Amino acid sequence: MASRGGPMVTGTDGHDYMHRQRVAEQYQISAQNKSRLKYCIFFHYLLFFAMLTKLSADILDRLDIFVLEIEELEVPKPLVWEYVWCLSILVTFFALSAIKRNRINAMKRFMYLTGIFGFGPILYGTIYYFSDMWTYVSTGSVENITLWQGYPYGVLWYAFILLAVQVHCFSLYFSNNLLSAWMSRGMKKAR
């Protein structure tokens, strides 16, 4: 043992601590997956703000607020699934609360509700825009499909859906890893 700036104890080169400085595997897994899940939630928030930007024209119309610049964009009217998907942002608070205190039930709620409010609307959007996407991919033509600012609207939605599916899948994967780590810790305590 050495004091700060002082002499080192004789008989040691400073590497004798290696056998003592080990963190149990479930704690390493927990710390790593908590960090990764927080990144996924951050990307979920970015997608939420992108969706909110898209919905802003409709929200302002409902509030009877006229902004010429937004009206000139001629954003298509949103579908119900877009608003339902926005509810998935509330689900992330279960994950954040679970991460703080290693709450298994809150993490399970996050996983179930992500399936309902995250994947459910995304699946509906995938089916809804499939015909436009298929027409564009198979023919390369933009005839008979919805366009926005000259771009195929279904393709734009599929880009968003691809990102959202990745964020939700990774969130569920890291959540499952956290549950496994937390439950294994509990099992070892019970023994």
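Bear in mind that the values here come from a model prediction, so they are computed numbers and not experimental data. Numbers here are sequence positions counted from 1.
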Tell me the closest heavy-atom pair linking [X] and [Y], and the distance in Å.
X	Y	result
D132	G154	CB-CA, 4.4 Å
W85	G118	CD1-O, 3.5 Å
S30	W182	OG-NE1, 3.0 Å
A95	M107	O-CE, 4.2 Å
T126	Y158	O-OH, 2.7 Å

Transitively linked via ILVMFWY side-chain contacts under 4.5 Å: [X] with [Y]?
X	Y	answer
L90	W81	yes
M133	L162	no
L87	L113	yes
I104	Y173	yes
V167	F93	yes

Could you measure the distance from the [atom1] atom of [X] to the [atom2] atom of [Y]? Nearest 0.5 Å is fine.
X	Y	atom1	atom2	value
I122	H168	CD1	NE2	5.5 Å
S184	I29	OG	CD1	7.0 Å
I99	L178	CD1	CG	6.5 Å
K108	R103	NZ	CZ	15.0 Å

| Side-chain donor-acceptor pair present, N102, K34, cut-off under 3.5 Å |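 Yes, side-chain donor-acceptor contact under 3.5 Å.
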| request: With side-chain contact (heavy atoms from CB on, under 4.5 Å) as the test, would you mind laying out the steps for K77 and D61 before giving the verdict? | output: CA-CA 10 Å; K77 291 287 182 193; D61 281 347; 3.3 Å; yes
Using side-chain heavy atoms (C-beta onward) and a distance below 4.5 Å, is [X] in contact with [Y]?
X	Y	answer
T135	F130	no
F94	T114	no
L156	Y129	no
L79	Y128	yes
F110	S97	no

| field | Atom CZ of F119 with >12 non-hydrogen neighbours under 6.0 angstrom | value | yes
Taking only distance into account, with no hydrogens and no angle test, what donor-acceptor pairs under 3.5 Å do side-chain atoms of residues 36-57 form with protein atoms, sequence neighbours excluded?
| from | atom 1 | to | atom 2 | distance (Å) |
| --- | --- | --- | --- | --- |
| H44 | NE2 | S88 | OG | 2.9 |
| Y45 | OH | T92 | OG1 | 3.1 |
| T53 | OG1 | F49 | O | 2.7 |
| K54 | NZ | P76 | O | 3.2 |
| K54 | NZ | E82 | OE1 | 3.0 |
| K54 | NZ | Y153 | OH | 3.2 |
| S56 | OG | T53 | O | 2.7 |

| Taking the six-membered ring for Trp, are F160 and W157 parallel (under 30°), tilted (30 to 60°) or perpendicular (over 60°)? |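 Answer is perpendicular, since the angle exceeds 60°.
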| task | Ignoring hydrogens and angles, tell me if any N or O in the side chain of N176 forms a donor-acceptor pair with the backbone of L172 under 3.5 Å. | result |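 Absent.
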